[in-house]
2 protein chains.
Amino acid sequence: MLRVMSLRIALLGLLAAKGPASGYDLAKLFEVSLNHVWQAGHTQIYPELVKMAADGLVSVEAEGARGRKNYTITGEGTRLLHEWLADREPVMVQRNETALLAFLLPLLDADEAIVAVERIRARARDRLDYLVCLPPVAENPKFGSYALRLGQAQVRATIAWADEILHELRPT
Amino acid sequence: MLRVMSLRIALLGLLAAKGPASGYDLAKLFEVSLNHVWQAGHTQIYPELVKMAADGLVSVEAEGARGRKNYTITGEGTRLLHEWLADREPVMVQRNETALLAFLLPLLDADEAIVAVERIRARARDRLDYLVCLPPVAENPKFGSYALRLGQAQVRATIAWADEILHELRPT
DNA sequence: GAGCGCATGTAAGCTGTTACATGATTCT
DNA sequence: AGAATCATGTAACAGCTTACATGCGCTC
């Protein structure tokens, strides 16, 4: 009955790195920082923060204007975050729609397959451009930079794969 | 209200590639072929096949011993599969727990971070070994091979990334 | 006849998405 | 006054996981 917890960790991470914030802030932060690594909208974030407060991982510090609730990470939250970061066995299995397409590629004619792979390549290029242009997230420029480089490396690998496949598929 | 459908596509793809099969067969096939690309257990597959039959994508050909139901892909199913493979815009965004860890890496001390990255590297190596040793899936050796190469390329990129980060983190 | 593999399912619970709903404050 | 942004939520549904449950057929 192991909880997955990635959303919790992401929220705790942002709170640890940027200090107290409201659910609204965290949702915005998610969009501009964690976005390429994990996604969550406010409809998921708000209820999760409530549960996390109930579990003692965060506390509501103050209620500001417009019903704003300012969350702070607690000692217990810091402990959990640290434990996860330090001990978590990374999961390599993943659900990858692009890889599914690649898997079934031989079901297409060669010319259709070429178009499909070209499309994958184009999307990967778009994403690489996006990842390269992302501005630094926090005061500390290291923040997020490791993940950014990992994303770039993986996308570059996808592009190289596409080039290789296209080379094989294209009529000489 | 766009359905995601990846599970349907995966099942239709297996039926198209391997011919008629039961839910049980498909669950086994999933494990040994699609496994590194998409995961689904029999508890997800059985109900989905029922829905797909209701939608006319597959048909129950015969009921064999032990209540075995043999599913075949229909013309409509083939059409849908082909359309998806040919027209689907690949989604590059993804939820990546390892990348989340990478994102939050600066929250750890240097020595803890080194251990964490080493663990990522070790898992990636395991996975590469697994992917390299996977036997061919079907009579047609092309089947699944493109996806296998994509997976290998991405895992190799992850290993290279880990080596780079470790080089930066390790005291000289 | 005991055990194993075949073969099917249901139910509860968690995670994530989409749509709906509300009210306060600030800017033009 | 009207629009945009701030700020919070709920509800319904889709997708996936875990646990539970059942019965047939073959082999030893």
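Every chain is numbered from 1, with letters handed out A, B, ... down the list of sequences. It should be emphasised that the depicted structure is a prediction, and the values quoted were computed from it without experimental measurement.
Here CG of B:L100 is found 11.0 Å from CE of A:M5. Values are rounded to the nearest 0.5 Å.
Regarding contacts with the backbone of D:dG9, a side-chain N or O of A:K69 is found under 4.0 angstrom from either OP1 or OP2. The side chain of A:R3 contributes no N or O atom lying less than 4.0 Å from OP1 or OP2 of C:dG13. Taking side-chain N and O atoms only, B:R95 has no distance below 4.0 Å to OP1 or OP2 of D:dG15.
Per the geometry, CD1 belonging to B:I45 stands 12 Å off C1' belonging to D:dC16, to the nearest Å. Between the OH atom of A:Y46 and the P atom of C:dT22 there is a distance of 17 Å, rounded to whole Å. Atom pair B:F30:CZ and D:dG15:C1' shows a separation of 13 Å (rounding to whole Å applied). Counting to the nearest Å, the P atom of D:dC26 and the CZ atom of B:R68 are 13 Å from each other. Taking atom CD on B:Q44 and atom P on C:dA7, their separation rounds to 21 Å, with Å as the unit. Rounded to whole angstrom, the span from the CD atom of A:E48 across to the P atom of C:dT17 amounts to 13 Å. For B:H42 and D:dT17, the NE2 to C1' distance is 12 Å, given to the nearest whole Å. For A:E31 and D:dA7, the CD to C1' distance is 14 Å, given to the nearest whole Å.
Applying the 3.5 Å distance criterion, the base of D:dT10 shares no donor-acceptor pair with the side chain of A:T43.
No donor-acceptor pair closer than 3.5 Å links the side chain of A:T74 to the backbone N or O of A:S59.
For B:R66, whose side chain is taken as the heavy atoms from C-beta onward, the closest listed nucleotide among C:dA7, C:dG16, D:dT8 is C:dA7. The listed nucleotides are D:dT10, D:dT8, D:dG25; the one nearest the side chain of A:P47 is D:dT10.
Within 4.0 Å (heavy atoms only), A:G41 reaches no atom of the nucleic acid at all.
Of the candidates B:L131, B:V155, B:L150, B:L131 is the only one forming a side-chain contact (heavy atoms from CB on, under 4.5 Å) with B:H36. The side chain to side chain donor-acceptor pair (under 3.5 Å) test with A:R121 singles out one residue from A:D163, A:T158, A:D126, and that residue is A:D163.
For the 3.5 Å distance criterion, the side chains of A:E112 and B:H82 qualify, holding a donor opposite an acceptor.
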